[in-house]
Amino acid sequence: MHIIDLAGAWQLTGGTLTAPVPACVPGDTHSALLAAGRIPDPYWGANELQVQEVGRQDWTFARTVEVPPALLGRAAVWLVCDCLDTVAEVAVNGRVVGTGASMFVRHRFPVKEHLVAGANRIEVRFRSAERAACEEAARHAQPYPFNPVPVQSPHRNLVRKAQCHGGWDWGACLMVAGIHGRIALEGADLGHLEHVWCDQEHRPGACTVTVVGEFHALAAGRAEMEVDLGGVRVRREVALAPGANRLEAAVELPQPRLWWPNGLGESHLYELTVRVGDAEQRRRIGLRRLEVVSEDDQAGRSLVFRVNGVPVFCKGANWIPCDALPQRQTRAAIDDLLASAAAAHMNMIRVWGGGQYESDDFYDLCDAKGLLVWQDFMFSCAMYPATPDFLDLVRREAEHQVKRLRHHACLALWCGNNENLGAISWFEESRRNRDRYLVDYDRLNEGVLGAAVRAHDPGRTFWPSSPCGGPGDYSDCWHADGRGDMHYWKVWHEGASFDAFLQIRPRFCSEFGYQSFPSLDTIRSYAPPSQLNVTSPVMEHHQRNVGGNSRIIEMFSRYFRMPEGFANFVYLSQVQQAVAIRTAVEHWRSLRPHCMGTLYWQLNDNWPVCSWSSLDYGGKWKLLHHAARRFYAPSLLTARSAGGRVEVWLCDDRLEAREVGITVAVHALGDGAVRWERRITVATPGAHAQRVLDLALAEIAPRPEECLMTMTLDDGGESSVNEHVFAAWKRLELPEPGLRTDVREADGGFSVEVSSARPALFVALDVEGVRGEFDDNLLTILPGRPRRLRFRPRQDLPLPALRQALVVRHLRGSYA
Ligand code: BMA
């Protein structure tokens, strides 16, 4: 195969430009205009509003490419485009060779007859997707309502483009156009290898892997197929018919090393190379069995992911595209976010339906890190057409994406959409005309998406929607907690207190969240000093959930004393978010095996904004992410107190039966002295939650508001501590703790020892203006029990600069 990669320097024309500006491919309009100084930074201040016109204009990406005669000597030459975003016409030397209407399909345009030896001009002309969507809306007899947000592009649901490009309740509205993924000229004599995947048959001590290649042959003939899987090589002669051929080769792997999700074992991958003639594809393959158990039971209907026969408690978060400017969605940026997910003991990521099918890099990294992927199809919070054209476009999208991704070990489930079933009752039109919209829904959902999974990936489950009760089950999974996956938004969107998390018993909670402000450094990346006030215009612009900032403040009044000053405001919002999500996750983990998964909303941001994320835009850990590293730890102690009783629970996701040591102590908040203590040894069978203590509050803490309880777990040499208080934090009389830090250089980073004369709660360290993370944060520091933390800067940092930039915040210090 002869390949000319077209990534690199292109030129952009269109809009109001009078001369071309340089553009990168892969890349997008807004990134090119920004780099050329033609638009202001859309993430700064309220600049986003000034660049809305860009999405309403037409743009052309163009370059010339030198074509050697050898390429033209091939029997066929194609222009292959992984992702054209979105309404595109492609021309070679001025002749149109193809068009695109969806960013979710791959194009392969035959171009040989249009190429010449020497210089050739390639043009990709984009029509405004926003205008195309409006024209679509005008063509339809019925309306297709979508969930409105403060800054948005109308009718985004009528174009096959990442839905969040048109704005979201955490997202900027940047209707980019661009060329994403790979774009290349490919020449071949025999044909091309379009897809590669594997079927696995596991037996005790062996695995038969049937490697399948979808080879598109130019003509009838014969070829050699060669497969190398983990060093085991198979060669065979294959007969080719013109068009698509399914070519198979079986490989026997004795004593296979299995692939396990993060925390349960090694995520081993075998290198796979498939060659047919001179076409070659490489993959990394994980060997595992995966079942989705959706069975009626006494409580309703389960949702359990079973990997290699082991039920997995899924711990994770929801993923959104990692940047509103697609050009910045690099492998490095994705790797960094997923590494943070894995470091917080996550084992599942949900690729949410308002974003995009992610790049191959994303799924490769999930394979390598043991992150299972709950994969939505890209439909969210709206009604969608079921016209023949639209269904046809979606059919191509579904077939392509299923075939592209099915070889990944990480891929756990295909899900039809995000919240579209529930959305039928959100809008006046669809409520009034429910039958019409439900029929349309089902045509797209079961008729196209479900059918694509059944045809092209029959070993995987098609889960019709998130949330839903399960295949064929249309229950209300926002309020009823017994069946399938649940989206629980009563706390954030309906203003319930955090105890509401304790009142439900989800089977699998795939969305629940609580907002916080991004870290000060991130705020400073979009707001000038004059705007550092939560109700300033810029801070309100970077909050897309109407009333969100007020909600955060109102919740402060239920649990905390009002913070003083902006920095404490930001800090406390992150403490509050961490407490909210920790409350939910710890409780739901204690319900195992009734509940078998929690995916909080949301892992990341796509621009700097106040949101539900645990990682700032750019990857900095919010306090929630540090809390997640603890509440998602393989084994965990947690407390529930109600009605004068205090229960301590051990939530254990490790698989081995063993004994663990548990120490529960009650400390006086004034001086940290231990007032009550109990040590026990508990046998756990592994993969199990159990109550290990049931105590009378009056006995262990007669004056609950003056106490703090610590629960220390000793698990095979590893020790972890969790804390519990018996009253809202605003009711506690906290002492001035007298915190001290001792900063030193250590092993290419820094070590910071934090000590305290009196108990200090929610101690948070930050090195302002410096990229880097502490290995732990959001700590309780007790007198006589200093904590030594490590800080790894991602930039050069001399010790004195660190000492100067180190900021320590704690609960008592947040108010006067
Ligand atoms: C969920 C998601 C998103 C949204 C989030 C916060 O239901 O599916 O649509 O961003 O709520 O409102």
Side-chain angles (χ1 to χ4, degrees), residues 145-153 156-157 162-173 316-322 324 348-356 374-384 415-427 463-468 476-479 481 484-496 501 504 506 508-518 542-552 555 573 577 580-581 584 597-607 609-615 617 622 624:
F146 54 93
N147 211 18
V149 288
V151 185
Q152 66 177 10
S153 171
R156 57 175 176 260
N157 47 332
Q163 301 287 279
C164 65
H165 288 181
W168 215 262
D169 62 2
W170 38 256
C173 174
N318 284 268
W319 172 275
I320 62 171
C322 72
M348 182 179 269
I349 296 291
R350 171 169 173 241
V351 177
W352 164 78
Q356 62 199 9
W374 171 306
Q375 179 67 47
D376 283 2
F377 284 100
M378 293 301 134
F379 301 88
S380 181
C381 299
M383 303 295 101
Y384 289 86
C415 168
N417 59 62
N418 174 70
E419 300 186 345
N420 283 0
L421 182 56
I424 298 177
S425 51
W426 297 354
F427 311 108
W463 192 259
S465 178
S466 184
C468 86
D476 170 2
C477 292
W478 267 276
H479 304 96
D481 55 2
D485 74 316
M486 181 176 200
H487 288 189
Y488 186 68
W489 282 103
K490 215 170 155 183
V491 173
W492 175 264
H493 283 301
E494 295 172 35
F501 288 127
I504 58 159
F508 192 111
C509 203
S510 46
E511 273 190 23
F512 57 104
Y514 203 85
Q515 279 202 356
S516 72
F517 290 97
H542 287 247
Q543 163 61 274
R544 290 307 158 85
N545 191 223
V546 178
N549 291 356
S550 314
R551 227 165 253 183
I552 293 173
M555 194 62 90
S573 80
Q577 178 192 33
I581 303 308
T598 62
L599 308 177
Y600 63 75
W601 184 267
Q602 70 211 66
L603 180 72
N604 56 320
D605 280 329
N606 73 345
W607 73 313
V609 67
C610 183
S611 84
W612 302 265
S613 74
S614 64
L615 297 171
Y617 172 68
K622 284 183 176 176
L624 168 59

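Atoms within a ligand are numbered from 1 in the order they appear, just like the ligands themselves. Just so it is clear, the structure is predicted and the values come from calculations on it, not from any experiment.
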Asker: What I want to know is whether His487 and ligand 1 share at least one N or O pair that is separated by under 3.5 angstrom.
Answerer: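 Between His487 and ligand 1, no N or O pair is found under 3.5 Å apart.
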
Asker: Considering non-hydrogen atoms of the protein only, which is the closest contact for atom 1 (C) of ligand 1, and what is the distance?
Answerer: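 Protein heavy atom at minimum distance: Glu511 OE1, 2.7 Å.
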
Asker: If we ignore hydrogens and angles and just use 3.5 Å, is the side chain of Gln577 paired with the main-chain N or O of Tyr514 as donor and acceptor?
Answerer: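 Yes, Gln577 side chain to Tyr514 backbone: donor-acceptor pair under 3.5 Å.
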
Asker: Should you measure from each heavy atom of Trp170, which atoms of ligand 1 turn up under 4.0 Å away?
Answerer: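 Under 4.0 Å from Trp170, ligand 1 has these atoms: 10 (O).
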
Asker: Specify the protein heavy atom at minimum distance from atom 3 (C) of ligand 1: its residue, its atom name, and the distance to 0.1 Å.
Answerer: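 Going atom by atom, the protein heavy atom closest to atom 3 (C) of ligand 1 ends up being Trp168 NE1, 3.6 Å.
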
Asker: If you have a sec, work out which protein heavy atom is nearest atom 11 (O) of ligand 1 and how many Å separate them, to one decimal?
Answerer: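 Answer for atom 11 (O) of ligand 1: Trp489 CZ2, 3.4 Å.
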
Asker: Just let me know how Trp612 lines up against ligand 1, side chain, backbone, both or neither, with a heavy-atom cut-off below 4.0 Å.
Answerer: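 Only the side chain of Trp612 comes within reach of ligand 1.
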
Asker: Under a 3.5 Å distance rule, please check whether Asn417 uses its side chain to pair with a backbone N or O of Phe377 as donor and acceptor.
Answerer: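 Here the side-chain-to-backbone pair does not exist.
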
Asker: Report the C-alpha distance between Trp463 and Phe508 in whole Å, list the side-chain angles of each, state the deciding distance to 0.1 Å, and finish with yes or no for ring pair (Phe, Tyr, Trp, His ring centres under 6.0 Å).
Answerer: CA-CA 13 Å; Trp463 192 259; Phe508 192 111; 8.3 Å; no

Asker: Looking only at atom types and distance, does a side-chain atom of Asp376 sit under 3.5 Å from a main-chain N or O of Arg350, one as donor and one as acceptor?
Answerer: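 The answer is no, because no donor-acceptor pair under 3.5 Å joins these two groups.
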
Asker: Verify, without hydrogens or angle tests, whether Trp607 (side chain) and Trp170 (backbone) share a donor-acceptor contact under 3.5 angstrom.
Answerer: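 At least one qualifying donor-acceptor pair exists.
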
Asker: Against heavy atoms of Cys381, which atoms of ligand 1 measure under 4.0 Å?
Answerer: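 Near Cys381, meaning under 4.0 Å from one of its heavy atoms, ligand 1 has 9 (O).
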
Asker: If you have a sec, work out which protein heavy atom is nearest atom 4 (C) of ligand 1 and how many Å separate them, to one decimal?
Answerer: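 Ranked first by proximity to atom 4 (C) of ligand 1 is Asp169 OD1, 3.4 Å.
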
Asker: Within a distance under 4.0 Å of any heavy atom of His493, pick out the atoms of ligand 1 and give their elements.
Answerer: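 So the atoms of ligand 1 that pass are 6 (C), 12 (O).
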
Asker: If every non-hydrogen atom of Met555 is compared with every non-hydrogen atom of Ala496, which pair is closest and at what distance?
Answerer: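 Result for this residue pair: CE-O, 3.3 Å.
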
Asker: Just which atoms of ligand 1 are under 4.0 Å from any heavy atom in Asn418?
Answerer: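 Near Asn418, the atoms of ligand 1 are 8 (O), 9 (O).
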
Asker: Ligand 1 versus Glu419, non-hydrogen atoms closer than 4.0 Å: side chain, backbone, both, neither?
Answerer: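 Side chain only.
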
Asker: For Trp612 and Trp352, what are the C-alpha separation, side-chain angles and deciding distance, and is it a ring pair (Phe, Tyr, Trp, His ring centres under 6.0 Å)?
Answerer: CA-CA 14 Å; Trp612 302 265; Trp352 164 78; over 10 Å; no

Asker: Under 4.0 Å, heavy atoms only, figure out whether ligand 1 is touched by the backbone of Ser380, its side chain, both or neither.
Answerer: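 Under 4.0 Å from ligand 1, Ser380 contributes no heavy atoms.
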
Asker: May I ask you to decide if His165's main-chain N or O and Gln163's side chain share a donor-acceptor pair within less than 3.5 Å?
Answerer: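 A pair under 3.5 Å: no.
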
